[in-house]
Amino acid sequence: MKRKFAILALALLTVTAGCMGFGQPNANTAAAIDNTPTQNTGSGQTVKVAASGQVQTAPDRAVIRVAVTARADSVETVREQLAENASQLRNALERSELDSDQVTSTRYDIGQNHRHDENPSEPKFQGRHSFVITVNKTDRAGDIVVTAVENGATRIEDIQFTITQDTRRDLREKALATAIENARGKAVVAANGTGLTLTGIHTVQTADFSTQSDSRTRIEYAAASAGANSASTSFESGTVTVTTDALVVYNATDK
């Protein structure tokens, strides 16, 4: 299908980190634990270790931030242009089989165009209406961006590749299992080095988990000349890494 719009190129290097608030143990706590791996309590000796677990996966969600903008010499004209372009954008995304809850309005403002102060030929007012578009099939992200640009969007503000909540929960469990497995290996080394034998787990404390995605996005649109080819898009969605920490205390006895 031929595309009819002006040449536009966008290159983004996005490194997004969605981190939950981390509790104990943190890096300083882990260092202290490594220095004092065994402890003699009133109920017997213990071995205490901290370990991390990581799991990587391909992203299964794309979050696209776009905006429609307008400039004019009256607030009313700016408002009308924003409303028209926003309506065109929503209708086009609906025709692309996106549900209404996948397109969310995030910002709306109209104000003075400060460029007018320096250049009176510039319009007096400007406005912006921003949207977040969520797509659970990352291979559709390119088509959605093209649809947005062809139907009222004048700015592509950001594209992030991440994971859904269900995937996040599943990967957290796997990362936690890896963290506890790593803790076991560290505890065995600590016990052997201090003449102890592990007899079982005393307590387990887990920290909140974090997710990080690395993605490089490049979007190129063909010229709007007669006979132009379809717009080309290229996404490198990268991987998403889920990390969690565990503090495990093992019961131990002398060998």
Donor-acceptor pair, side chain of [X] and main chain of [Y], under 3.5 angstrom:
| X | Y | value |
| --- | --- | --- |
| K186 | A50 | yes |
| T154 | T69 | yes |
| H116 | E122 | yes |
| T244 | A207 | yes |
| R65 | T106 | no |

If you compare all heavy atoms of [X] against all heavy atoms of [Y], which two are closest, and at what distance to 0.1 Å?
| X | Y | value |
| --- | --- | --- |
| T77 | A72 | CG2-CB, 3.5 Å |
| T147 | A92 | CG2-CB, 3.9 Å |
| A67 | S130 | CB-OG, 3.7 Å |
| S105 | F131 | CA-CD2, 3.9 Å |
| V47 | A191 | CG2-CB, 4.4 Å |
| V49 | A183 | CG2-O, 3.3 Å |

Should [X] and [Y] be regarded as members of a common hydrophobic cluster, given that ILVMFWY residues are connected when their side-chain heavy atoms come within less than 4.5 Å of each other, either directly or indirectly?
| X | Y | value |
| --- | --- | --- |
| V189 | V249 | no |
| V63 | L98 | no |
| L196 | L198 | yes |
| V132 | V149 | no |

Measure the spacing between [atom1] of [X] and [atom2] of [Y] and express it to the nearest 0.5 Å.
| X | Y | atom1 | atom2 | value |
| --- | --- | --- | --- | --- |
| R155 | H129 | CZ | NE2 | 14.0 Å |
| R172 | R168 | CZ | CZ | 12.0 Å |
| N151 | N91 | CG | CG | 9.0 Å |
| D139 | I144 | CG | CD1 | 10.5 Å |
| T206 | D245 | OG1 | CG | 9.5 Å |
| K124 | R71 | NZ | CZ | 15.5 Å |

Any side-chain heavy-atom pair from [X] and [Y] closer than 4.5 angstrom?
| X | Y | value |
| --- | --- | --- |
| K174 | T57 | no |
| F125 | N113 | no |
| Q165 | R169 | yes |
| V204 | L247 | no |
| L171 | V240 | no |
| L82 | I110 | yes |

Exercise. More than 12 foreign heavy atoms under 6.0 Å from CD of E181: is that the case here?
Worked result: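 No, the 6.0 Å shell around CD holds no more than 12 heavy atoms from other groups.
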
Exercise. Between T253 and T199, does any side-chain donor sit less than 3.5 Å from a side-chain acceptor?
Worked result: no

Exercise. Going by atom types only, do Q56 and T241 share a side-chain donor-acceptor pair under 3.5 Å?
Worked result: yes

Exercise. Of T167, N136, T138, T164, which meets side chain to side chain donor-acceptor pair (under 3.5 Å) against R61?
Worked result: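 Looking at T167, N136, T138, T164, the match for R61 under the side chain to side chain donor-acceptor pair (under 3.5 Å) is N136.
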
Exercise. Taking 4.0 angstrom as the limit, do R128 and E157 come out as a salt bridge?
Worked result: yes

Exercise. So, are R79 and E76 salt-bridged, with charged N and O less than 4.0 Å apart?
Worked result: yes

Problem set entry | Partner of Y250 by side chain to side chain contact (heavy atoms under 4.5 Å, CB included), out of R184, K48, H202 |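 So the option named by the test is R184.
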
Exercise. Step by step, would you call Q54 with T243 a side-chain hydrogen bond (donor to acceptor under 3.5 Å, both in side chains)?
Worked result: CA-CA 5 Å; Q54 287 189 345; T243 303; 3.3 Å; yes

